[in-house]
Asks: 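The structure's right below; bear with me while I get my questions together.
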Amino acid sequence: MHAAVVVFPGSNCDRDLAVAFEAAGAKVSMVWHKDTEMPAGVDVIGIPGGFSFGDYLRCGAIAANSPICRSVIAHADRGGYVLGICNGFQVLTETGLLPGVLLRNAGLKYICRTVGLTVETSASPYTQGYNAGDVIDIPIAHHDGNYFADDETIERLKAEDRIAFSYTDNPNGAKADIAGILSENRRVLGMMPHPERAADSVHGGTDGQALFRALAGSFAMA
Amino acid sequence: MKARVHVMLKNGVLDPQGEAVRHALGALGFEGVNGVRQGKVIELDLDDGASEDDVKAMCEKLLANTVIESYSVEMS
């Protein structure tokens, strides 16, 4: 698996994400936001957490219109894999690759702690290493993680089994307790929690490891 | 020429910041404030001849997220 991690000014989980990909056996290329093309042979693009462009205007809005994002969209349109975590999820909703938007947390506070997530589906390259119904512990660290979409979109996400993770105890007001969602072809995942921060025993938890291993495994088999 | 863009959350989208402001006003003794919605104003300094349609295109592409926000444009 060859993974590219996109780096924006203000990204701060880019290296953690690269380490998690490498630990799962991936070759990793770091890609700067002003680049216009992905390195040849990239299978997966990771959009990391952080505060791209200082969260100016709206979280992820400036990043979503940066030069590299045109090639992220083209990669996804060709059926490529994209994983957006935290600010990366916000960027993916702003590009339109995933529906909805992340609003300010309902309690207005920045929340940084480990939360319980229910794995809602194992039918995706990212979640096939879990069983549907598993509860895993993954850290969150965000001010704008309150997932919002109109009722019709929420119903469609449910009907199409595209909710990847939900909160066991909703920390931020997200509609339908949504923590992460999949694209229609299930190859684009956006999630607010940070699996790359629970991917090594020194992190204090390893429940995120299975996500990266499953993703790498789906390329090993191909 | 200048354009002023008003961006507001659409009706039905919860505005926790507006709610916090409403509570704060109540705590300060201002009574009868039944709702607060917080938006933003963006002022653009434009080349002469720019049209309202140009500014609307900017709103659609970047300045507003039309999933949750509505916008209005004033040219002057």
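In what follows, chains are A, B, ... by sequence order, proteins preceding strands, each numbered from 1.
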Asks: Non-hydrogen atoms of chain A under 4.5 Å away: do they reach the side chain of B:I68, the backbone, both or neither?
Replies: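 The answer is the side chain of B:I68.
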Asks: Is chain B contacted by the side chain of A:L108, its backbone, both, or neither, given a heavy-atom distance below 4.5 Å?
Replies: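 Side chain only.
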Asks: For A:A106 and B:P16, work out which heavy atoms get closest and say how close.
Replies: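 Closest approach of A:A106 to B:P16: O-CB, 3.8 Å.
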Asks: Using only distance, no hydrogens or angles, which N or O donor-acceptor pairs sit under 3.5 Å between chain B and chain A?
Replies:
unit_1 : atom_1 : unit_2 : atom_2 : d
B:K40  : NZ     : A:L57  : O      : 2.6
B:K61  : NZ     : A:N65  : OD1    : 3.2
B:L62  : O      : A:R58  : NH1    : 3.0
B:L62  : O      : A:R58  : NH2    : 2.9
B:L63  : O      : A:R58  : NH1    : 3.1
B:N65  : ND2    : A:E94  : OE2    : 3.2

Asks: If you count heavy-atom pairs within less than 4.5 Å of chain A, which of B:V67, B:V7, B:L9, B:L62 leads?
Replies: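 Greatest number of close heavy-atom pairs with chain A: B:L62.
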Asks: Of the listed residues (B:A20, B:G12, B:A64), which shares the most heavy-atom pairs with chain A below a 4.5 Å separation?
Replies: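 Looking at each of B:A20, B:G12, B:A64 in turn, B:A64 comes out on top.
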Asks: Tell me, do A:L103 and B:L14 make a side-chain contact under 4.5 Å, heavy atoms counted?
Replies: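 No, too far: nothing below the 4.5 Å cut-off.
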